[in-house]
Asker: 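A single structure is presented below for examination.
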Amino acid sequence: MPVHVVADTSAKLAGVRAVLERKHAVTSELLGGLSPQRSKISALVVKADLRTVESICTLKKLFASLSHVRKRIFLIDDTAHLSVSQAYALGATSVLVGPLNQAKLLAELSEHAAASSDPVDPLDAAATASAGEIALASMFSAIASGTRIDVAGAKNAGARIAACIEEYGLTKWLATVRSHHEGTYQHCLLVTGVAIDFGLSLGVPSSDIERLYTAAMFHDIGKATIPLAVLDKPGRLDEQERKLVETHPAAGYDALKDNKGISAEVLDAVRHHHEFLDGSGYPDALCAESIHDIVRMLTISDIFAALIEKRTYKQPMTRQAAYDILNGMNGKLERPLLAAFKDVALTR
Ligand SMILES: [Fe+2]
Ligand SMILES: [Fe+2]
């Protein structure tokens with residue numbers, strides 16, 4: 001069952017997720033962070049201090065957009081009556097008081113799942129894309145606010161995208177993401193889907209699929225340090241803006257390098273997804289032998305996804321036109337890999 005967790009600290013978020021993740025498809029967000037598109041949520045679990053006006057106001061706004069969610073469980077640390085009544089005033093359908101009681105929380109959710117008359121397909125493309133966007137929004141806001149990045153949440157979202165693409169194919173994924181999502185999150189969801197399908201088409205082992213979707217989910221995280229006015233600028237960037245955008249691979253690397261949940265291969269991909277075989281890329285002007293396979297695959301997926309993105313100010317490029325552009329990038333991308341990418345680009 002898709003369960004959405006909201007908490008006012010990263011530690012609370014991680015604690016609740018850890019309890020729920022083995023049984024449910026979990027998405028989450030930090031209270032007061034960016035507001036991602038949320039849909040297909042069956043139950044909401046909230047763990048926040050209800051003694052601050054700020055939390056209450058933010059939750060009120062959040063609940064206004066989630067009025068369709070019928071199960072709303074509040075976890076309250078303190079036993080003050082005021083907090084419990086505040087939870088019900090906000091629209092809680094049940095309140096669990098005291099230290100987090102795993103068994104009680106899971107029982108509440110399974111009762112709801114049993115009673116729910118419209119079970120949601122866990123592979124539903126729209127729900128999967130929304131979960132992916134929520135995971136991306138959570139990690140972008142963690143970078144922007146200097147708080148802990150929810151690596152497990154991003155990997156979980158990537159695994160769902162992989163399952164969805166295996167079931168329904170890339171074409172459905174591209175259509176779903178392009179019709180419901182915008183800007184950097186749309187781009188990251190497209191890159192993740194394309195990279196996964198590239199791996200699936202080559203028959204790589206599941207451990208490599210996991211590396212690919214993790215690298216793709218995180219590849220542009222450094223853009224969290226760049227103003228939206230620049231990222232979403234319609235039309236061409238000037239020289240200064242282009243230089244600023246080009247700081248994002250190193251910024252992403254710096255933000256992730258001390259995170260134990262991020263492997264060396266994923267770090268490498270985050271830093272080097274704009275490198276080219278002929279040494280003309282950035283930030284390190286690497287040459288062919290220093291650019292690893294996963295990075296080469298990610299770079300092809302990244303450029304393709306950027307070309308077919310839907311923007312409010314321009315028509316999306318066709319898959320054929322985007323593939324033709326990749327083929328015209330002489331010396332920059334690996335030829336045999338590009339040839340293998342043809343099916344992914346055009347038909348799958
Ligand atoms: Fe990038
Ligand atoms: Fe990118």
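Atoms within each ligand, like the ligands themselves, are counted from 1 in listed order. Excluded from the calculations below are hydrogen atoms, water molecules and symmetry mates; all remaining heavy atoms, backbone and side chain alike, are included.
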Asker: So, does Arg335 use its side chain to make a donor-acceptor pair with the main chain of Asn327 at under 3.5 Å?
Answerer: yes

Asker: Give the atom name of whichever N/O/S atom in His187 sits closest to the Fe ion (ligand 2).
Answerer: NE2

Asker: Take the Fe ion (ligand 2) as the vertex and measure to OD1 of Asp302 and OD2 of Asp220; round to 10°.
Answerer: 170°

Asker: In His219, what N, O or S atom is nearest to the Fe ion (ligand 2), if we give its atom name?
Answerer: NE2

Asker: In terms of side-chain heavy atoms, does Arg319 have a donor or acceptor partner in Thr171 at a distance below 3.5 Å?
Answerer: yes

Asker: What angle, to the nearest 10°, do the atoms NE2 (His248) and NE2 (His273) form about the Fe ion (ligand 1)?
Answerer: 100°

Asker: Over 60° means perpendicular and under 30° means parallel, so tell me whether Tyr185 and Phe140 are parallel, tilted or perpendicular.
Answerer: perpendicular

Asker: For the Fe ion (ligand 1), what is the closest N, O or S atom on His274?
Answerer: NE2

Asker: Could you check whether the rings of His248 and His273 sit parallel, tilted or perpendicular, using 30° and 60° as the cut-offs?
Answerer: tilted

Asker: Verify the ring-centre separation between Phe198 and Tyr213: is it less than 6.0 angstrom?
Answerer: no

